[in-house]
Amino acid sequence: MVLRRLALASLLANIGLVGTGGAVRLTGSGLGCPTWPRCTADSYTTTREMGVHGMIEFGNRSLTFVVALLALACVVSALCQRPRSRPLTLWSALVLAQIPAQAVIGGITVLTNLNPWVVGLHFLASMVVIAAAYQLWVRTAGAPSGAALARPLRTLTRLTVIVAAAVLAVGTVVTGSGPHAGDAGARRTGLDPQEISQLHTDLVFLLLGLSVALWYALRAAGAPARARRAAEWLIAVELAQGVIGFVQYFTHLPALAVGLHMIGAAAVWVATLAVLETTRPGAAVAPPPAPQAAPAHQPAPASEALPPTLARPHA
């Protein structure tokens, strides 16, 4: 299916945009193009005088056009479907609408000289686009087919998603308080990096605990294998992300480890969305009618109730 392939490409491209955005900041290229929407006062593209930093920043900006073209292709493909699916059209349009909004936030980031709070907002906006792109990709597989779970399990799932979002939000504050500002002249949040990192770590452990509890609860409730596998994948991705986080912390934040951690954050978010999707109630299916048992004392027909000699007349 063309739309499903385009939706997957759109999702992966948005995750890749997080990675290139991290490369911009980690290489000190945040102001490689010192203005927006132009790269310089006289050019929309990078120039030789801008050097490698200009190439990296302009490369990240160029990927935005790729993401936008994929989103537009998804909209066109959804509109061309017969019969047309309203959910697919709406989700593809939502992804497309968020691309220019994300680009504007990126422009404000440059115009405010990499204000760390705006940089954090730029990252979180990417998570919103990824959520919409993931939902579009899931919808291309057909009608939602989540499990019909009890209310406590649904509450536990939602709580896990909320804590995952909090982990991402606090993680951006950690980055805004650390050394990778994107430019030597960019200011920091002024918060204590140690205290913010500790809060982030506490939330990560809470998220991991909730994920393990959710997995056990899904097993105990006899949830479908699809939901249990999604919870297992979430735990695996969280553990891998945690290892990267501890490595970058104890090795004093090398750029490569921080970049992998940013990609890992997007992976954790997608895995969390997968758990939410597989536990969302699907279309209710009516159970087959149960066979009705015959009454315990059903009167027999007259011909069967009488003895054979009385039931048939004599010749």
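The chain is numbered in sequence order, starting from 1. What you see below is based on every heavy atom in this structure, not just the backbone, and it leaves out hydrogens, waters and symmetry mates.
Of the possible polar contacts, none joining the Arg226 side chain to the Thr278 backbone as a donor-acceptor pair under 3.5 Å is found. Ser10 places no side-chain N or O within 3.5 Å of a backbone atom of Leu6 that could act as its donor or acceptor partner. Under the 3.5 Å distance criterion, the side-chain polar atoms of Arg84 are matched with a main-chain donor or acceptor of Leu79. At least one donor-acceptor pair under 3.5 Å links the side chain of Trp269 to the backbone N or O of Met127. Between the side chain of Arg187 and the backbone N or O of Pro116 there is no donor-acceptor pair closer than 3.5 Å. Under a 3.5 Å cut-off, the side chain of Arg228 and the backbone N or O of Leu218 do not form any donor-acceptor pair. Put simply, the side chain of Ser77 never gets that close to the backbone of Ala73: no donor and acceptor are under 3.5 Å apart.
Taking Thr20 as the reference, Asn60 meet the side-chain hydrogen bond (donor to acceptor under 3.5 Å, both in side chains) condition, with sequence neighbours excluded. The side-chain hydrogen bond (donor to acceptor under 3.5 Å, both in side chains) test applied to His261 returns Gln241, not counting sequence neighbours. Partners of Thr172 by side-chain hydrogen bond (donor to acceptor under 3.5 Å, both in side chains), not counting sequence neighbours: none found. Remark: Glu57 pairs with Arg61 by the salt bridge (charged side-chain N to carboxylate O under 4.0 Å, His left out) rule, at least two apart or across chains. Every residue meeting the side-chain hydrogen bond (donor to acceptor under 3.5 Å, both in side chains) condition with Thr45, not counting sequence neighbours, appears here in chain and number order: Ser43.
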**Prompt:** When you look at Met262 and Phe123, which way does the side chain to side chain contact (heavy atoms under 4.5 Å, CB included) test go after all the steps?
**Reply:** CA-CA 9 Å; Met262 293 182 66; Phe123 174 82; 4.2 Å; yes
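Heavy atoms of other residues, nucleotides or ligands lying less than 6.0 angstrom from CG of Asp42 number 12 at most. Counting non-hydrogen atoms of other residues, nucleotides and ligands closer than 6.0 Å to CH2 of Trp233 gives a total of 12 or fewer. Heavy-atom neighbours of Arg38 CZ from other residues, nucleotides or ligands within 6.0 Å: above the threshold of 12.
The side-chain tip of Arg219 points at the ring of Trp215 from less than 6.0 angstrom away and within 45° of straight on.
Nearest heavy-atom pair across Ile196 and Ser177 is CG1-OG, 4.4 Å.
Residues Val2 and Arg5 have side chains not in contact (no heavy-atom distance under 4.5 Å, counting atoms from C-beta outward). Residues Leu96 and Ser92 fail the side-chain proximity criterion, which asks for heavy atoms closer than 4.5 Å. Between Leu153 and Leu214 there is a side-chain heavy-atom pair separated by less than 4.5 Å.
Checking Val67, Leu17, Leu72, Leu69 one by one against Ile99, the side chain to side chain contact (heavy atoms under 4.5 Å, CB included) holds for a single residue, Val67.
Applying the disulfide bond (SG atoms under 2.5 Å apart) test to pairs two or more places apart or on separate chains, those with a residue in residues 34-93 are Cys33-Cys39.
Hydrophobic clustering, with ILVMFWY side chains joined whenever heavy atoms are under 4.5 angstrom apart, groups Trp91 together with Leu88.
Using cut-offs of 30° and 60° on the angle between ring planes, the pair Trp137 and Tyr134 is tilted.
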